[in-house]
Amino acid sequence: GTTLGAAAAEKGRYFGAAIPAFKLSDSQFVTILNREFNSVTAENEMKWDATEPQQGVFTYAGGDRILNHARSQGMSVRGHALLWHAQQPGWAQNMSGTALRNAAINHVTRVATYYRGKIHSWDVVNEAFADGGSGGRRDSNLQRTGNDWIEAAFRAARAADPGAKLCYNDYNTDGINAKSTGIYNMVRDFKARGVPIDCVGFQTHLGTTVPGDYQANLQRFADLGVDVQITELDIAQGSNQANAYAQVTRACLAVARCTGITVWGVRDSDSWRGNDNPLLFDRSGNKKPAYTATLDAL
Ligand code: XIL
């Protein structure tokens with residue numbers, strides 16, 4: 001393959017990018033997107049604050065713009081994210097207890113129902129585990145509604161869109177550590193009890209290096225009977241950037257259940273990471289050494 005998407009497809013994978021709706025009017029951006037990628041994620045447009053700005057009032061304009069562009073180009077869509085402690089609308093931030101639990105599950109049901117049949121994989125729950133050594137849950141208004149909020153969200157998502165792959169997604173989970181092991185134990189428990197979970201997303205926002213046990217970590221999750229996906233890849237610029245991208249790509253290809261890779265933006269100027277220049281295209285839209293290394297690894 002001569003593009004990321006085509007090369008990944010030859011290996012039975014997708015290669016995606018996160019995109020904001022407003023950049024669909026940037027012709028250089030769209031040229032690269034359409035040429036290189038066969039999957040997209042809405043960078044912000046499908047989050048809770050964007051899709052339910054007032055309780056019970058649902059707005060899908062931004063998400064639909066991205067979805068329609070993707071469909072017109074034959075790209076699949078990752079849904080991101082139904083429930084998260086961040087980017088909640090103000091009304092939800094101020095809720096708690098049963099009222100918040102009911103509102104959260106209603107949100108999952110309504111958004112997943114609206115997009116039923118159009119989303120390849122949903123990040124049903126994003127970033128629910130704590131950093132550091134505890135291996136436990138992150139404190140949040142959602143967590144305070146009861147430890148079963150995650151499984152309730154997955155059951156609601158399955159009922160709303162039985163065809164979507166349902167993922168748990170998080171960061172700092174790229175190597176084998178206390179946080180990734182906490183998630184591993186949750187997934188194992190969900191599989192044992194029949195809670196519907198199909199995939200785990202590894203955001204893979206990296207500094208300059210890839211954890212040595214990155215592939216082994218992906219593999220241990222795959223061995224639980226879930227797909228794994230690299231969902232928000234970006235790696236800080238430095239002398240190792242191209243090599244690190246190749247390492248991540250090779251790790252995914254080496255794990256049969258690693259079904260695709262998404263980079264969190266297209267050009268360095270599109271990145272949420274300011275001056276890290278962590279992406280595959282430079283600020284002028286040129287392919288970087290990291291691009292070539294990734295394509296060569298596919
Ligand atoms: C980021 C977006 O890129 C920014 O535009 C926004 O201001 C904040 O969120 N983990 C996630 C993503 O799951 O949703 C975040 O996206 C990056 C970290």
Side-chain angles (χ1 to χ4, degrees), residues 16-26 29 33 37 39-53 59 61-63 65-67 70 77-90 92-93 104 107-108 111-112 115 119-131 137-138 140-143 150 153-154 157 165-175 179-180 183 197 199-207 228-237 248 260-281 283:
I19 65 170
F22 74 91
K23 284 193 182 154
L24 292 172
S25 10
D26 173 336
F29 180 88
L33 176 71
F37 298 95
S39 169
V40 295
T41 304
E43 189 172 358
N44 290 296
E45 289 78 352
M46 294 188 187
K47 293 172 181 176
W48 197 352
D49 58 351
T51 51
E52 196 180 359
T59 54
R65 232 181 123 193
I66 290 170
L67 189 103
V77 180
R78 293 196 82 261
H80 174 81
L82 292 170
L83 293 180
W84 188 22
H85 68 274
Q87 291 181 272
Q88 294 183 2
Q93 293 177 38
H107 181 76
V108 171
V111 177
Y115 285 117
I119 301 292
H120 175 279
S121 302
W122 262 117
D123 291 332
V124 177
V125 170
N126 195 33
E127 301 183 355
F129 276 71
D131 288 313
R137 298 288 183 85
R138 169 196 296 277
S140 72
N141 59 345
L142 291 165
Q143 181 61 29
I150 297 180
F154 275 84
K165 301 269 190 197
L166 304 182
C167 305
Y168 176 83
N169 191 53
D170 215 326
Y171 68 93
N172 282 353
T173 52
D174 310 304
K179 185 176 181 181
S180 63
I183 295 163
I197 185 167
C199 36
V200 175
F202 297 84
Q203 293 186 10
T204 319
H205 295 296
L206 295 177
V228 296
Q229 303 176 357
I230 296 163
T231 52
E232 305 187 14
L233 178 62
D234 51 19
I235 307 172
Q237 179 88 60
V248 169
I261 300 175
T262 299
V263 285
W264 204 247
V266 175
R267 301 161 302 193
D268 286 334
S269 48
D270 302 314
S271 174
W272 71 303
R273 289 176 59 173
N275 292 322
D276 278 358
N277 296 323
L279 294 172
L280 299 176
F281 295 87
R283 287 164 192 267

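All ligand and atom numbering here is 1-based and tracks the order in the structure. Numbering of residues begins at 1 and proceeds along the displayed sequence. Values below: every heavy atom of this structure, side chains too, minus hydrogens, waters and symmetry copies.
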Closest heavy-atom contact between L142 and H85?
CD1-N, 4.5 Å
Minimum heavy-atom separation for S25 to R65, with atom names?
OG-NH2, 3.6 Å
Taking side chain as C-beta onward, heavy atoms only, is W272 less than 4.5 Å from P20?
no
Smallest separation among heavy atoms of S121 and Q229, with atom names:
OG-NE2, 3.0 Å
Between ligand 1 and the protein, find all N/O pairs closer than 3.5 Å and give the distance for each.
| residue | atom | partner | partner atom | Å |
| --- | --- | --- | --- | --- |
| ligand 1 | 3 (O) | E43 | OE2 | 2.5 |
| ligand 1 | 3 (O) | W264 | NE1 | 2.9 |
| ligand 1 | 5 (O) | E43 | OE2 | 3.3 |
| ligand 1 | 5 (O) | N44 | ND2 | 3.0 |
| ligand 1 | 9 (O) | K47 | NZ | 3.2 |
| ligand 1 | 9 (O) | Q87 | OE1 | 3.2 |
| ligand 1 | 10 (N) | E127 | OE2 | 3.1 |
| ligand 1 | 10 (N) | Q203 | OE1 | 3.3 |
| ligand 1 | 10 (N) | E232 | OE1 | 3.0 |
| ligand 1 | 13 (O) | H80 | NE2 | 3.3 |
| ligand 1 | 13 (O) | N126 | ND2 | 2.9 |
| ligand 1 | 13 (O) | Q203 | NE2 | 3.4 |
| ligand 1 | 13 (O) | E232 | OE1 | 3.3 |
| ligand 1 | 13 (O) | E232 | OE2 | 2.8 |
| ligand 1 | 14 (O) | K47 | NZ | 2.7 |
| ligand 1 | 14 (O) | H80 | NE2 | 2.7 |
| ligand 1 | 16 (O) | K47 | NZ | 3.4 |
| ligand 1 | 16 (O) | W264 | NE1 | 3.3 |

Any side-chain donor-acceptor pair under 3.5 Å between W264 and H205?
no
So, for V108 and A157, which heavy atoms are closest and what is the spacing to 0.1 Å?
CG1-N, 3.6 Å
